[in-house]
There are 2 protein chains.
Amino acid sequence: MVTIMDRPRSEGPKLRMTRQRRVLLDALRQAEGHPTADEVYRTVRRRLPRISLGTVYRNLEVLSQHGLVRKIELGTAPRRFDAEATSHYHIRCLSCGRVDDVDMRPQVTLERAARSATDYEVTGHRLDFLGLCRHCVTHGDGAGKGSGPGRPNQGGA
Amino acid sequence: MVTIMDRPRSEGPKLRMTRQRRVLLDALRQAEGHPTADEVYRTVRRRLPRISLGTVYRNLEVLSQHGLVRKIELGTAPRRFDAEATSHYHIRCLSCGRVDDVDMRPQVTLERAARSATDYEVTGHRLDFLGLCRHCVTHGDGAGKGSGPGRPNQGGA
DNA sequence: CTAGATGCAAACTGTTTGCTCCGGT
DNA sequence: ACCGGAGCAAACAGTTTGCATCTAG
């Protein structure tokens, strides 16, 4: 994302490290790909059966404000989360919705270009790629949506 | 957006031009900025008082599949629509949510870079900028969200 | 005449929130 | 002990859908 978008409103007052936050963070780090809140919820539930979805949302939000996790918001699709703190771009499979990291350096140049093209005070940018993951390319399907080739997500970032 | 994302599934079977579609299209063309479905709905309602929000959604979708309008989906924020068919980037004000066009040429180069960084078949990219619009810069407010400086949107594209 | 579009209302999904009790520091 | 956090359930916003009725071609 390469943006100040989710920057802490005025840095963090300090983060209280509760059990659920620890588990959440851990789950996100173990996660295969970039899970949605609900996926995180289902995972975390194995250790914390009484945790609520609301808590998951609240904490992923808090953790992201403290820079411990990153929110990934592509299109209108459900928000996903990433334990990776460093800036990087993502690519989403048009067919199965899976999201992966793209290993290329943030192009700050883009912002300079935008700066001269608008009268906004440009503070960041968001760049995502779209395409077909290997699985969906091989298993046919040009751009079916939900038609179920790959799982809705997950998979090595 | 510079993407094939919303391309017609297999071109158009043909588009039946109903009254509501005509009005919808027209409203979108007259629109100041990049309205949400609901904003379009409220506008169009003046001419078609009995139109339903469902119809607005259905038709904006259909029209976009036929390449007559463009969907703008930034983050998790409500989808917006654009009568402009040509590719261009957008910038969103972090403070008031307003969305404007950015007058710069699509950087196809980016896709080439991404192509060598993933094993996806890269078909497009989505690039949006974030910042503060002139109004929000002058009227203070660093990054308040919903705290209501500018209206939630609208404004010269 | 008929496939496809409309209006309406209900359903859904993802996310947020109010409240009371609980646990970290 | 105190204050923020957790759990729960209800509320929400945005978007989608089933169905009976119209209408463009």
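Each chain gets a letter, A, B and so on, in the order the sequences are listed, and its residues count up from 1.
- Aromatic ring pairs are classed by plane angle as parallel below 30°, tilted from 30° to 60° and perpendicular above 60°; the pair B:H34 and B:H90 is perpendicular.
- Between B:D100 and B:R98 there is a salt bridge, since a side-chain N of the basic residue sits under 4.0 Å from a carboxylate O of the acidic one.
- Proximity of A:R79 to the phosphate of C:dT16: a side-chain N or O atom is located under 4.0 Å from OP1 or OP2.
- Nucleotide D:dT15 holds its P atom 9 Å from the CG atom of B:L53, rounded to whole Å.
- Between the NE2 atom of A:H66 and the C1' atom of D:dG5 there is a distance of 13 Å, given to the nearest Å.
- Using the six-membered ring where Trp is involved, A:H125 and B:F129 have ring planes that are tilted, between 30° and 60° apart.
- Proximity of B:R21 to the phosphate of C:dA5: a side-chain N or O atom is located under 4.0 Å from OP1 or OP2.
- The structure places CG of B:L68 at 11.0 Å from CG of B:L24, a figure rounded to the nearest 0.5 Å.
- When the side-chain nitrogen and oxygen atoms of B:Y57 are compared with OP1 and OP2 of D:dT15, one or more of them lie within a distance under 4.0 Å.
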Nucleic acid footprint by protein, nucleotides 8-13 of chain C - heavy-atom cut-off 4.0 Å, B for base, S for sugar-phosphate alone: B-----
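- Atom NZ in B:K71 sits roughly 17 Å away from atom P in D:dG14 (whole-Å rounding).
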Sequence-aligned protein contact record of nucleotides 20-25 of chain C, with B where the base is within under 4.0 Å of a protein heavy atom and S where only the sugar-phosphate is: ---BBS
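- Across the interface with DNA chain D, nearest-nucleotide mapping of A:V62 and B:A37 shows A:V62 to be the residue nearer the 5′ end.
- Backbone-only contact: A:N59 has heavy atoms under 4.0 Å from sugar-phosphate atoms and none from a base.
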